Amino acid sequence: MTTPHAIETLAQLEALFGQPGEAALKKEVPYLHPAYRALIEASPFAVLSTIGPGGLDASPRGDPPGFVMVQDENTLLMPERRGNNRIDSLRNIVADPRVALLFLIPGVGETLRVNGRARITVEPQLLARLAMEGKPPQCVIEIRVETVFFQCARAIQRSRLWEPVPADAKRTVPTPGAILSALTEAAFDGETYDRELPARQKATLY
């Protein structure tokens, strides 16, 4: 059913926004330009987006800056550390290699977007290269780059993401344990989960 205010065609969409400026087009390249490599090497955090039979997924990844290794101007290597074993992203990559990455750098407004195709490898040499605290990742996601471009700072500026959080700021959202308790109608012991979580995370970080 068509509604009078819905945008349903490319023509409608382009009429609404107009054409992109020259800078918006020039910044996109099909390889890892040295300027873009510098952003990746400074980033301690990225969001990995995948697609598979069950739909879309976006998952956080983080480690010390440069944790996503630039193998060459067409290839990125991302370590897959231990987690909750849902492996949603990995399941999707096995089914469909298309991936997208969004890199963030604390204090920097610009973000970096990378699109490409991925495969999963357990090559011993790569696992050893990407080890942390003497522990190799469980596998490595090798990404063949197709497009790379930076995103302007407006989203970070609007969200004030990098503004300092007051030391006395109180948590205003539910804790992980509270969420699990609510989802299971209190069948899950949320208080115990929250109490044990910090030590468990520290012990299983790598």
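Being a predicted model, the structure only gives us computed values, none of them experimental.
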### Task
Just do the side-chain contact (heavy atoms from CB on, under 4.5 Å) check on Val94 and Arg91 with the steps written out, would you?
CA-CA 5 Å; Val94 168; Arg91 294 178 192 276; 5.9 Å; no
### Message
Under 4.5 Å side-chain heavy-atom separation, chaining through any Ile, Leu, Val, Met, Phe, Trp or Tyr, what else clusters with Met69? Say none if it is isolated.
### Response
Leu77, Val122, Leu126, Leu127, Leu130, Val140
### Message
Could you check whether Arg113 pairs with Glu28 (Lys NZ or Arg NE/NH1/NH2 to Asp/Glu carboxylate O, under 4.0 Å)?
### Response
no
### Summary
Ala42 and Ile105 have their tightest heavy-atom pair at O-CG2, 3.8 Å
### Query
Judged by atom type as modelled, is there a donor-acceptor pair below 3.5 Å linking the side chain of Arg171 to the main-chain atoms of Pro174?
yes
### Summary
What one should report as the nearest heavy-atom pair of Phe67 and Pro79 is O-CD, 3.3 Å
### Message
Just to verify, what does Gln12 make a side-chain contact (heavy atoms from CB on, under 4.5 Å) with, not counting sequence neighbours?
### Response
Ile7, Glu8, Thr9
### Message
Test of understanding: with side-chain contact (heavy atoms from CB on, under 4.5 Å), list the residues that count as partners of Pro20, not counting sequence neighbours.
### Response
Ala24, Leu25
### Non-hydrogen side-chain atoms of Pro64 and Met132 separated by less than 4.5 Å
yes
### Query
Do Glu191 and Asp194 have side chains that get closer than 4.5 Å, going by heavy atoms?
no
### Query
Tracing side-chain links under 4.5 Å among I, L, V, M, F, W and Y, which residues wind up in one group with Ile51?
Leu56
#### Entry: Which atom of Ser59 lies closest to which atom of Ser89, heavy atoms considered
CB-OG, 3.5 Å
### Steps toward side-chain contact (heavy atoms from CB on, under 4.5 Å) verdict (Lys27, Tyr36)
CA-CA 10 Å; Lys27 65 184 179 182; Tyr36 289 158; 3.6 Å; yes
### Task
Inspect the surroundings of CG in Leu10 and state if more than 12 heavy atoms from other residues, nucleotides or ligands are less than 6.0 Å away.
no
### Query
Given a cutoff of under 4.5 Å between side-chain heavy atoms of I, L, V, M, F, W and Y, with clusters grown through shared members, what are the other residues clustered with Leu161?
Phe45, Val47, Leu102, Leu104, Ile156, Trp162
### Summary
So CD1 of Ile87 and CG of Asn92: to nearest 0.5 Å the spacing works out to 10.5 Å
### Task
Kindly say whether Gly177 contributes a backbone atom to a donor-acceptor pair with the side chain of Ser181 at under 3.5 angstrom?
no
### Query
Looking only at atom types and distance, does a side-chain atom of Arg61 sit under 3.5 Å from a main-chain N or O of Arg81, one as donor and one as acceptor?
no
### Summary
Shortest non-hydrogen pair, Thr75 vs Leu32, comes out as O-CD1, 4.0 Å
### Query
According to the interplanar angle, ranging from 0 to 90°, do the rings of Tyr31 and His33 count as parallel (below 30°), tilted (30 to 60°) or perpendicular (above 60°)?
tilted
### Message
Around atom CZ of Arg200, are there more than 12 heavy atoms from other residues, nucleotides or ligands closer than 6.0 Å?
### Response
yes
### Message
Please tell me whether Arg98 and Thr50 have a donor and an acceptor in their side chains that are separated by less than 3.5 angstrom.
### Response
no
#### Entry: Step-by-step side-chain contact (heavy atoms from CB on, under 4.5 Å) determination, Leu39 to Phe103
CA-CA 8 Å; Leu39 296 178; Phe103 289 93; over 6 Å; no
### Summary
Nearest heavy-atom approach of Phe149 to Asn115 is CE2-ND2, 4.5 Å
### Task
Check which hydrophobic residues are tied to Tyr193 through side-chain heavy-atom contacts below 4.5 Å, counting indirect links as well, and list them.
Leu180, Phe188, Leu197
